[in-house]
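Below is one structure, written out as structure tokens; the observations come after it.
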Amino acid sequence: MVAVPPEREFQMYEAMAARFDVAAAKLGLDEGLVRVLRHPNKEITLYIPVAMDKGELQIFIGYRVQHSVVRGPGKGGIRYAPDVTLDEVRALASWMTWKCAVVNIPFGGAKGGVICDPAKLSTGELERITRRYTAELLDYLGPERDVPAPDLGTNEQTMAWVMDTYSMHVRHTVTAVVTGKPLDLGGSRGRHEATGRGCMIVCDKALEKFKRKRPETRVIIQGFGNVGSMAAKLMHEAGYKIVGIADVSGGIYHEKGLDVPKLLDLTSHGRFVKDFKEGQPVDRSEILFLDCDVLMPAAVENQITSKNANRVQAKILCEAANGPTTAPADDILERKGVFLIPDILANAGGVTVSYFEWVQDRQGYFWNEQLVNHRLEEIMVHSFDDVVRYAEIHKVTNRIAAYMLAIDRVAFALKLRGIYA
Ligand code: NAD
């Protein structure tokens, strides 16, 4: 049972902490360790001066939170959005710690963000924000310290600017300082598709568990950006029936299955999902409650809440986004018998291939796409099995099992290292 006061249901750090507390109690974790692991290691707030195109100087507020470096360098994206908050970045940084531990890769957790609206900024303004943000964080970033990646509102180009700024300061090219870079600058094959591919792999595992076949499995995906569109493309190609898709503009539903390649072609030309005419228009939030077998929220946080979780019809909920379900909604979904693939497992394919990118950059030896995908599959399959087995043994939900597994791994490493005083 997860306890969150109603007025704090939508606070993201609260969402993390509520699950953390339940998992730590189930593990019987020492009180001191709970205190250490529940709090971030470092929070940095920046006031970034930027010369705008029209000549005036503006200040943008940016954050970098390093939650844990116990198992390795901090790892986590940089988010550019108008509603970024420190609370959100703090939550996302902690989730990165647990996510990296669930898939057992040697990273801690970190996250960054800048309060800005990338849609309203020129390329030059975005570049200047990114370079100054990076320069201010020079002492904290690095392949052995903290390795950013793209998130909402940032992309390969942003990572190229971070890498170049860092490299200029240290006087040599350091490709391993960021992941999610363009291929020609040390990016990894398969990174672009990795999060969506990881989601498909864990859905395949859930289907195997319920002895279902892909063609009889109807999928709804909310979010058609990097993660949602890749999941839709790969799952459509693999034989799943994608019956509903939404983006920020709205959604469409077609019970016989949507023509995903056609929709991808449309959106690649700057159009939105609502412009697709083959299907019935649906509200971007209402799509979550239509009839389907697999529901994949792949957009933003706090979509499935205590107010609407009862309306979810899906049998399997695969959380491609970070924090799409609030903590009080967890109990409702559990009572309904929804099989949950929690975010820190479901969307870990992205950070897993980021790890491969970091390894390849440090070795200066690059893998072919088949090898990347094969190693990704191996890790996602093992991690899914670990979480589901843990849930069965400890009689907890898959979400609490994923937290328990992760916290146990980080706490074990922390105990081995000891607290430096
Ligand atoms: P993105 O910016 O590429 O795409 C976001 C999509 O969501 C867009 O299609 C947008 O139109 C849609 N959207 C925004 N608000 C919406 C709303 N209220 N209702 C419906 N649709 C809405 O972002 P992304 O990289 O695909 O990330 C999506 C989620 O996945 C985020 O929670 C992110 O943190 C998480 N995630 C991303 C990665 C990655 O590799 N990109 C890895 C792990 C987790």
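Please read all numbers here as calculations on a predicted model, not as lab measurements.
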Subject >> Heavy-atom closest pair, residues Ile407 and Ala24 >> reply: CD1-N, 4.3 Å

**OP:** Could you tell me whether the side chain of Leu317 reaches within less than 4.5 Å of the side chain of Leu333, counting heavy atoms only?
**Re:** yes

Original post:
When you look at Asn398 and Ile341, which way does the side-chain contact (heavy atoms from CB on, under 4.5 Å) test go after all the steps?
Top reply: CA-CA 7 Å; Asn398 287 342; Ile341 312 176; 5.6 Å; no

Original post:
Which pairs pass salt bridge (Lys or Arg N to Asp or Glu O under 4.0 Å) with one or both residues in residues 81-108, sequence neighbours excluded?
Top reply: Glu43-Arg90, Arg79-Glu88

**OP:** Measure up the Trp98 and Tyr403 rings against each other and bin them: parallel (under 30°), tilted (30 to 60°), perpendicular (over 60°).
**Re:** tilted

Subject >> side-chain contact (heavy atoms from CB on, under 4.5 Å) between Val69 and Phe107, intermediate numbers included >> reply: CA-CA 7 Å; Val69 290; Phe107 285 132; over 6 Å; no

Original post:
Is it the case that more than 12 heavy atoms not belonging to Phe272 sit under 6.0 Å from its CZ atom?
Top reply: no

**OP:** Compare every heavy atom of Ile78 with every heavy atom of Arg64, then report the nearest pair and how far apart it is.
**Re:** NH1-CG1, 3.8 Å

**OP:** Just grab all the side-chain hydrogen bond (donor to acceptor under 3.5 Å, both in side chains) pairs involving residues 237-248, residues at least two apart or on different chains.
**Re:** Asp204-Tyr240, Lys233-Glu237, Asp247-Ser249

Original post:
side-chain contact (heavy atoms from CB on, under 4.5 Å) between Gln280 and His254: does it pass, once the steps are laid out?
Top reply: CA-CA 6 Å; Gln280 171 194 334; His254 198 315; over 6 Å; no

Original post:
Would Asp164 and Arg131 count as a salt bridge (charged side-chain N to carboxylate O under 4.0 Å, His left out) if you check the C-alpha gap in whole Å, the side-chain angles of each, and the deciding distance to 0.1 Å?
Top reply: CA-CA 8 Å; Asp164 183 67; Arg131 287 189 182 278; 2.9 Å; yes

Subject >> Carboxylate-amine/guanidinium contact Lys181 Glu156, below 4.0 Å >> reply: no

**OP:** Answer yes or no: is there an ion pair linking Glu14 with Arg19, defined by an N-O contact shorter than 4.0 Å?
**Re:** no

**OP:** Can you see which heavy atom on Glu301 is nearest to which on Gln303, and at what distance?
**Re:** O-NE2, 3.1 Å

Original post:
Less than 4.0 Å between a side-chain N and a carboxylate O, is that true for Asp265 and Arg271?
Top reply: no

Original post:
Between Lys395 and Glu334, is there a salt bridge with N-O shorter than 4.0 Å?
Top reply: no

Original post:
So, for Thr326 and Ser306, which heavy atoms are closest and what is the spacing to 0.1 Å?
Top reply: OG1-N, 3.9 Å

Subject >> Residues Glu208, Lys205: salt bridge by 4.0 Å N-O rule >> reply: yes

Original post:
In terms of side-chain geometry, is the basic nitrogen of Asp139 or Arg145 positioned less than 4.0 Å from the acidic oxygen of its partner?
Top reply: no

Original post:
Are any of the side-chain nitrogens in Asp146 or Lys75 under 4.0 Å away from the carboxylate oxygens of its partner?
Top reply: no

Original post:
Below 4.5 Å, heavy atoms only, C-beta onward: do Phe366 and Ser188 meet side chain to side chain?
Top reply: no

Original post:
Can you list every pair that meets ring-ring contact (aromatic ring centres under 6.0 Å, His included) and has a residue in residues 142-164, with sequence neighbours left out?
Top reply: none

**OP:** Mind running side-chain contact (heavy atoms from CB on, under 4.5 Å) on Cys116 and Leu121 for me, showing each step along the way?
**Re:** CA-CA 8 Å; Cys116 67; Leu121 294 164; 3.8 Å; yes

Original post:
Per the side-chain contact (heavy atoms from CB on, under 4.5 Å) rule, which among Leu86, Val114, Ile115 passes with Ile61?
Top reply: Ile115

Original post:
Quick check: are there more than 12 heavy atoms from other residues, nucleotides or ligands sitting under 6.0 Å from NZ of Lys336?
Top reply: yes

**OP:** Measure from NZ or CZ of Arg189 to the centre of the six-membered ring of Trp367, then state whether that distance is under 6.0 Å and the direction lies within 45° of the axis.
**Re:** no

Original post:
If you count the non-hydrogen atoms of other residues, nucleotides and ligands that lie under 6.0 Å from CD in Gln363, is the total more than 12?
Top reply: yes

